Each structure stands twice: as C-alpha cells, then as structure tokens.
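In what follows, a single structure is set out as structure tokens and then discussed.
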Amino acid sequence: MSYLKLILMLIIFLNISCSQILQNNGISNSKINEIKIIPGKTSKINLIDEYGPPVFESVFNNNTIYYVSHVSSYKNISDRKTKKLIVFEVILDQKNLVKKVNKYNEKDAVNIKISNKKTLDNNDKSLLFFKDLINSLRRRNLQN
C-alpha cells in the first residue's frame, strides 16, 4: 500500500511540474481587439475613459502612449514563450488628440533592435577576477 502512495505522489508531482502555465499581462485579449481609435477625433481622455489608463507612456516622447496585451506560457523546465502579443502605439498631438496609431504583433517584435551596445559576458573569468579584486579592496575589516 505504501508503494502505491509513493507512485501516486510521483505521478502528481510530475504532472504538476510539467504542466503549462499561461500568464496574461496588460489589457485582456478581447478588450484590446475592440479598440477603435479615430485619428483627429479620439482624445487621450476618451481612451482612458473607455479602455483604462495606458499600460505605459513613452519616456522619450511625452506624446506617445501604449496599450499592450501579452499572453505568454511557460513550463517549470523550459523558457517563457510569447503566445500572443498586440501593441497599440498611440501618438498624440499637442492638444492630446490622436495623431497616429500603429499596431504591432509578436511577428513585428522579432527583429526589433533596441541598442547596439553589448553587455558584459559573465563567462569571462578574467573580468570577474578583477571585479572581485576591486570589490575586496573596497571592504574594510573593522575590529573592535
């Protein structure tokens, strides 16, 4: 009887750890598909009243807001994968009326290059050695 319990626990554990988990971020998928924006007529206040506040506003351009719906899935063993992505980029004029609307999906996001700068390679042991050495020199051992 104890072997049966052990086998059942193992099966339950494997089933839970290998199951796929879906995560929704931003606006719901059905709500973002209903967004209707008319350039020159729709205002920022109308957008906020009808669809809620934007998911984020551009840091670089004060007159750009974004509505995003992102559905991703992952398993405990594998990496996160994007199932569905819809982004509305709404560019506003000085009177907060919609000037232009761009719609992007997950296929558009594949080839976006944000920066030409490269990050440090964590596998380079020589840089890590010097970084650790400098950090160690900064520390002070104070004894009472």
Side-chain angles (χ1 to χ4, degrees), residues 1-39 41-92 96-144:
M1 188 67 169
S2 64
Y3 289 117
L4 182 62
K5 288 181 184 178
L6 183 63
I7 292 172
L8 285 174
M9 297 263 293
L10 184 63
I11 291 172
I12 290 172
F13 176 73
L14 288 174
N15 189 24
I16 290 171
S17 65
C18 296
S19 64
Q20 186 175 16
I21 299 170
L22 289 176
Q23 183 176 7
N24 297 323
N25 294 321
I27 300 173
S28 69
N29 204 11
S30 60
K31 192 170 183 180
I32 200 159
N33 287 326
E34 296 174 358
I35 289 181
K36 293 189 173 130
I37 301 171
I38 303 168
K41 293 186 178 181
T42 308
S43 68
K44 184 176 180 179
I45 296 171
N46 292 344
L47 289 172
I48 292 172
D49 288 343
E50 199 164 330
Y51 307 111
V55 174
F56 60 92
E57 296 188 25
S58 176
V59 177
F60 305 108
N61 184 1
N62 293 336
N63 294 333
T64 305
I65 59 175
Y66 297 90
Y67 285 95
V68 179
S69 175
H70 183 230
V71 178
S72 61
S73 68
Y74 63 94
K75 294 180 182 178
N76 289 340
I77 319 169
S78 64
D79 293 335
R80 184 178 303 266
K81 295 179 184 176
T82 297
K83 291 283 188 186
K84 193 161 196 176
L85 173 68
I86 299 173
V87 178
F88 276 98
E89 177 185 38
V90 181
I91 301 169
L92 305 168
N96 280 336
L97 291 175
V98 175
K99 184 178 180 182
K100 185 178 177 184
V101 178
N102 297 320
K103 183 178 179 181
Y104 303 104
N105 60 20
E106 64 273 2
K107 293 174 187 165
D108 297 328
V110 173
N111 297 322
I112 295 174
K113 190 170 185 180
I114 296 173
S115 177
N116 292 330
K117 295 182 180 179
K118 294 184 179 180
T119 59
L120 287 176
D121 186 11
N122 289 335
N123 294 330
D124 189 2
K125 300 296 181 193
S126 62
L127 288 176
L128 287 176
F129 171 74
F130 289 114
K131 184 179 177 183
D132 289 340
L133 181 68
I134 291 171
N135 285 336
S136 296
L137 290 174
R138 284 189 202 161
R139 294 185 190 143
R140 296 183 186 202
N141 292 331
L142 299 176
Q143 296 178 353
N144 291 332

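Since this is a predicted model, take the numbers as computed values, not measurements. For the numbers below, each heavy atom of this structure counts, side chains included, while hydrogens, waters and symmetry mates do not.
- At most 12 non-hydrogen atoms from other residues, nucleotides or ligands lie less than 6.0 angstrom from CD1 of Ile45.
- Within the model, atoms CD of Glu89 and CD1 of Ile65 stand 10.5 Å from one another, a figure rounded to the nearest 0.5 Å.
- Between the CD1 atom of Ile91 and the CG atom of Leu97 there is a distance of 14.0 Å, given to the nearest 0.5 Å.
- Nearest heavy-atom pair across Pro54 and Tyr67 is CA-CE2, 3.6 Å.
- The side chain to side chain contact (heavy atoms under 4.5 Å, CB included) check on Lys84 picks up Asn29, Val71, Ile86, Glu106, with sequence neighbours excluded.
- The distance from atom NZ of Lys100 to atom OG1 of Thr64, rounded to the nearest 0.5 Å, is 10.5 Å.
- With sequence neighbours left out, the side chain to side chain contact (heavy atoms under 4.5 Å, CB included) criterion links Thr42 to Ile37, Ile38, Asn46, Leu47, Val98.
- Panel note: side chain Tyr104, backbone Leu85; no donor-acceptor pair is recorded below 3.5 Å.
- Atom OH of residue Tyr51 and atom CD1 of residue Ile32 lie 10.0 Å apart, to the nearest 0.5 angstrom.
- Remark: Asn96 engages no residue in a side chain to side chain donor-acceptor pair (under 3.5 Å) (not counting sequence neighbours).
- In this structure, the separation between OG on Ser69 and CG on Asn105 is 12.0 Å, given to the nearest 0.5 Å.
- Among residue pairs with one or both ends in residues 43-54, those qualifying as salt bridge (charged side-chain N to carboxylate O under 4.0 Å, His left out) are Lys44-Glu57; sequence neighbours excluded.
- Every side chain to side chain contact (heavy atoms under 4.5 Å, CB included) that Val55 has, sequence neighbours left out, goes to Ile27, Val68.
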